[in-house]
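Reviewing the structure listed below.
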Amino acid sequence: MLLVVYDILGRQVKTLVNTSQRAGYKSIKWNGINDQGQLVSAGMYFYHLQAGKFSKVRKMVLLK
């Protein structure tokens, strides 16, 4: 499973998951920290979820 967060310009912000996962429901929380350990600003972000042949991109809003 791969779960990556991107900013509005399409730049990768944070890789949340990049490991094999067993089937089932999952819950993942993002604390607003990027891959460099810095706090990102509030705003619109996109996340890309890929699991096997399934792939989906959705919008999300980070509020502080």
Side-chain angles (χ1 to χ4, degrees):
M1 184 168 98
L2 180 66
L3 180 58
V4 181
V5 177
Y6 296 92
D7 67 10
I8 197 76
L9 298 176
R11 297 177 296 206
Q12 183 173 328
V13 174
K14 179 75 173 181
T15 301
L16 296 173
V17 178
N18 191 10
T19 60
S20 294
Q21 300 279 321
R22 294 179 56 134
Y25 290 97
K26 307 291 181 204
S27 176
I28 297 169
K29 293 183 182 181
W30 177 42
N31 58 4
I33 303 288
N34 66 13
D35 282 333
Q36 288 75 42
Q38 302 167 331
L39 195 60
V40 299
S41 60
M44 175 101 49
Y45 291 88
F46 296 93
Y47 63 89
H48 177 223
L49 174 63
Q50 185 172 358
K53 294 181 181 181
F54 175 82
S55 180
K56 188 152 288 215
V57 176
R58 294 283 190 212
K59 293 187 290 187
M60 68 177 171
V61 176
L62 176 63
L63 300 175
K64 294 185 178 186

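Computed over heavy atoms, backbone and side chain alike; hydrogens, waters and symmetry mates excluded.
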Open item on the list: As a quick check of understanding, evaluate side chain to side chain contact (heavy atoms under 4.5 Å, CB included) for V13 and W30, giving each step before the final call.
Closed with: CA-CA 11 Å; V13 174; W30 177 42; 4.0 Å; yes
Just verifying a value: how many Å separate [X] [atom1] and [Y] [atom2], rounded to the nearest 0.5 Å?
X	Y	atom1	atom2	result
I33	L39	CD1	CG	4.5 Å
Q21	L3	CD	CG	10.0 Å
N31	N34	CG	CG	10.0 Å

Listing, residues 44-64 side-chain donor-acceptor contacts under 3.5 Å, not counting sequence neighbours, or none:
{"residue": "Y45", "atom": "OH", "partner": "S41", "partner atom": "O", "Å": "2.7"}
{"residue": "H48", "atom": "NE2", "partner": "S55", "partner atom": "OG", "Å": "2.8"}
{"residue": "K64", "atom": "NZ", "partner": "V40", "partner atom": "O", "Å": "2.1"}

TODO: Measure across M1 and I28 and return the closest heavy-atom pair with its distance rounded to 0.1 Å.
DONE: CE-CD1, 3.9 Å
